[in-house]
2 protein chains.
Amino acid sequence: MITSYTEENYLKAIYHLHHEKNASVSTNSISESLQTRAASVTDMLKKLADKGFINYAKYQGVTLTDSGKQKAIEIIRKHRLWEVFLVEKLNFKWDEVHDLAEELEHINSEILINKLDEFLDFPKNDPHGDPIPDKNGVLKSQEVLPIHKLQIGDAGIISGVKEHSKGFLQYLEKTGLTLGETIKIVDKIDFDGSVIINIHQKEQNISREVAKNLLIAI
Amino acid sequence: MITSYTEENYLKAIYHLHHEKNASVSTNSISESLQTRAASVTDMLKKLADKGFINYAKYQGVTLTDSGKQKAIEIIRKHRLWEVFLVEKLNFKWDEVHDLAEELEHINSEILINKLDEFLDFPKNDPHGDPIPDKNGVLKSQEVLPIHKLQIGDAGIISGVKEHSKGFLQYLEKTGLTLGETIKIVDKIDFDGSVIINIHQKEQNISREVAKNLLIAI
DNA sequence: TTATATTTTTAGACTTATCTAAAAATTCAT
DNA sequence: ATGAATTTTTAGATAAGTCTAAAAATATAA
Ligand SMILES: [Mn+2]
Ligand SMILES: [Mn+2]
Ligand SMILES: [Mn+2]
Ligand SMILES: [Mn+2]
């Protein structure tokens, strides 16, 4: 079944929203995530349901069907492979690639994406640490926890981000909190939710917002 | 001025048609080249004229304005650089890349295309021998002639094709008529317009159709 | 539990790009 | 130069994706 650029963005948004909240996805949350009006979302949900990509009952929110999930994962695979290409081959920074990948992900060719995968030497993760689905649509979820869920004394490697905004990524870069660095939890401040970590043999304070969005593999 | 995917295809088509016939471009020729109805073309011509990309007077055909020409050249630059990428880096064949480049050319980012250019080491020609405009939109037209315009005794290097169809490119590949090969005109047959050339130390007969579409640099 | 607030859907409209059918303009051929 | 053929434009429709405003359903809270 063919999908338009727009339909693909809806499917991907639904996929991500489902994995964020682990519940059926509401019209409003889609509307917010895609910056469109709720009325437009309703229209599109009807269409996606007709095409068999989502389970939709009025007022009940939506879930992806198997075919919808597959389509979403295909697009995510393309998005993340293009991001790797942009960073590894064209020397873009990790905070510069999202919008471009947002467009490139809609180029429709299985051969192209598989050749790109090979050219990049079958990377396992994108520049933000997110796992790249393989050509069969298998996406292995990595065991990571946001810093604010770790206990004092826990140690691990910075392996991903929950928030992908330019501002956040640039902040991490500036403060040395980049992928691959080893950190250890020194203290957790109840008062403001901030966390003191040890990184590069030094102590560093991390705000609650950062602690919630920085993922650690233990 | 922003341009849609569709507008870009029209501008590129007008540019190519103008250079093929060296005259103002007719509604019907655009319609044929883009596989749309003439009525649709007329609608689009009005819009492109409003946006300042073409000079259009009813029933008179169109020409590109400077800004239209610039836009067209930008798209051609992107198209050809992506083709080089697909062939050189992803190991596509020269007859497989056109349709993909047709989509990739609409990805809208000057930084991306300049970084791609650099990554590819600033190629001068695409896989079909066509020249690649530089980042300032300068396109140097190469001095080439189709085989059927050469005289007996003339020699040169296969440097381009006028026809870009998969079938033609595959045929050239199969018969060894690839870019970079040296050829010499041995005889021209009036009867059917075919040409006998010397290539690889052997004589080879070339039909009129091939002779018209294979470009030689002398 | 009933009123209020929030969410979601419907109704109707707009834009872009397309189409068919018919009218108008231009070109061609005698 | 005039009638016929061809090309181009207009008129009116359609489909995709979006919007605003209003109605309907659901959730929340006194
Ligand atoms: Mn996208
Ligand atoms: Mn990413
Ligand atoms: Mn195109
Ligand atoms: Mn080419």
Side-chain angles (χ1 to χ4, degrees), chain A residues 1-14 17-18 20-21 23-64 68 71-72 75 102-103 105-108, chain B residues 1-14 17-18 20-21 23-64 68 71-72 75 102-103 105-108:
Chain A
M1 174 120 296
I2 333 148
T3 43
S4 70
Y5 184 111
T6 314
E7 289 167 350
E8 292 181 1
N9 283 339
Y10 273 87
L11 291 174
K12 191 166 61 117
I14 294 168
L17 290 167
H18 180 69
E20 271 168 35
K21 328 222 173 169
S24 90
V25 178
S26 72
T27 300
N28 260 4
S29 66
I30 298 169
S31 139
E32 196 185 338
S33 127
L34 293 178
Q35 306 267 65
T36 52
R37 295 303 184 166
S40 313
V41 174
T42 300
D43 286 346
M44 182 56 88
L45 294 182
K46 285 181 196 160
K47 183 152 49 123
L48 291 174
D50 283 349
K51 288 194 170 189
F53 291 124
I54 61 172
N55 305 113
Y56 170 59
K58 274 187 194 176
Y59 296 99
Q60 300 316 130
V62 295
T63 55
L64 291 173
K71 257 284 180 295
I75 302 156
E102 204 59 45
E103 302 209 16
E105 71 189 2
H106 303 290
I107 302 288
N108 184 23
Chain B
M1 173 119 298
I2 334 148
T3 43
S4 71
Y5 184 111
T6 314
E7 289 168 351
E8 292 181 1
N9 282 339
Y10 274 86
L11 290 174
K12 191 166 61 118
I14 295 167
L17 289 167
H18 180 69
E20 271 168 35
K21 329 223 171 167
S24 89
V25 177
S26 72
T27 300
N28 259 3
S29 66
I30 298 169
S31 139
E32 197 184 340
S33 126
L34 293 177
Q35 306 267 64
T36 52
R37 296 301 184 167
S40 313
V41 174
T42 300
D43 286 345
M44 182 55 88
L45 294 182
K46 284 180 196 159
K47 183 155 45 128
L48 291 173
D50 284 348
K51 289 194 170 189
F53 291 124
I54 61 172
N55 306 115
Y56 170 59
K58 275 186 194 177
Y59 296 100
Q60 300 317 129
V62 295
T63 55
L64 292 173
K71 256 283 180 294
I75 302 157
E102 204 59 44
E103 302 209 16
E105 70 189 2
H106 303 291
I107 302 287
N108 185 23

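The structure presented is a predicted model; accordingly, all values stated were derived computationally and were not measured. Sequence lines set the chain letters: A, B, ... in the order given, protein chains first and strands last, and positions in each chain run from 1.
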Write down the distance between [atom1] ([X]) and [atom2] ([N]), rounded to a whole number of angstrom.
X       : N      : atom1 : atom2 : result
B/Leu45 : D/dT8  : CG    : P     : 10 Å
A/Tyr56 : C/dT7  : OH    : C1'   : 12 Å
B/Tyr10 : C/dT16 : OH    : C1'   : 11 Å
B/Ile2  : C/dT15 : CD1   : P     : 16 Å
A/Ile30 : D/dT18 : CD1   : C1'   : 16 Å
A/Asn28 : D/dA25 : CG    : C1'   : 14 Å
A/Glu8  : D/dA16 : CD    : P     : 16 Å
A/Leu48 : C/dT9  : CG    : C1'   : 16 Å

When you get a sec, tell me which of [options] is the closest nucleotide to the side chain of [X]?
X       : options               : result
A/Met44 : D/dT9, D/dT18, C/dT18 : D/dT18
A/Thr6  : D/dT20, D/dT18, D/dT8 : D/dT18
A/Thr36 : C/dT9, D/dT18, D/dT8  : D/dT18
A/Asp43 : D/dT18, C/dT9, D/dT9  : D/dT18

Using a cut-off of less than 4.0 Å, is there contact between a side-chain N or O of A/Thr27 and OP1 or OP2 of C/dT9?
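Checking A/Thr27 against C/dT9: at least one side-chain N or O falls below 4.0 Å of OP1 or OP2.
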
Within the 4.0 Å limit for protein heavy atoms, which parts of nucleotides 21-28 of chain C are touched? Write it as a string from 5' to 3', B for base, S for sugar-phosphate only, - for none.
B--BSS--

Provide the closest heavy-atom pair for [X] versus [Y] in the form atom of the first, atom of the second, distance.
X       : Y       : result
B/Leu11 : B/Ala72 : O-CB, 3.8 Å
B/Lys51 : B/Ile2  : NZ-O, 3.2 Å
A/Ser24 : A/Gly61 : OG-CA, 4.0 Å
A/Thr36 : A/Ser31 : O-OG, 2.8 Å

Scan [X] against the nucleic acid and name what it touches under 4.0 Å (heavy atoms): base, sugar-phosphate only, or nothing.
X       : result
A/Thr42 : base
A/Ser40 : base
A/Tyr5  : nothing

State whether the number of non-hydrogen atoms from other residues, nucleotides or ligands found under 6.0 Å of B/Glu102 atom CD is greater than 12.
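Yes, the 6.0 Å shell around CD holds more than 12 heavy atoms from other groups.
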
Please determine if A/Glu7 and A/Lys71 form a salt bridge, counting it only when a charged side-chain N lies under 4.0 Å from a carboxylate O.
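No, this pair does not count.
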
Side chain of A/His18, backbone of A/Ala23: donor and acceptor closer than 3.5 Å?
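Checking the backbone N and O of A/Ala23 against the side chain of A/His18, a donor-acceptor pair under 3.5 Å is found.
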
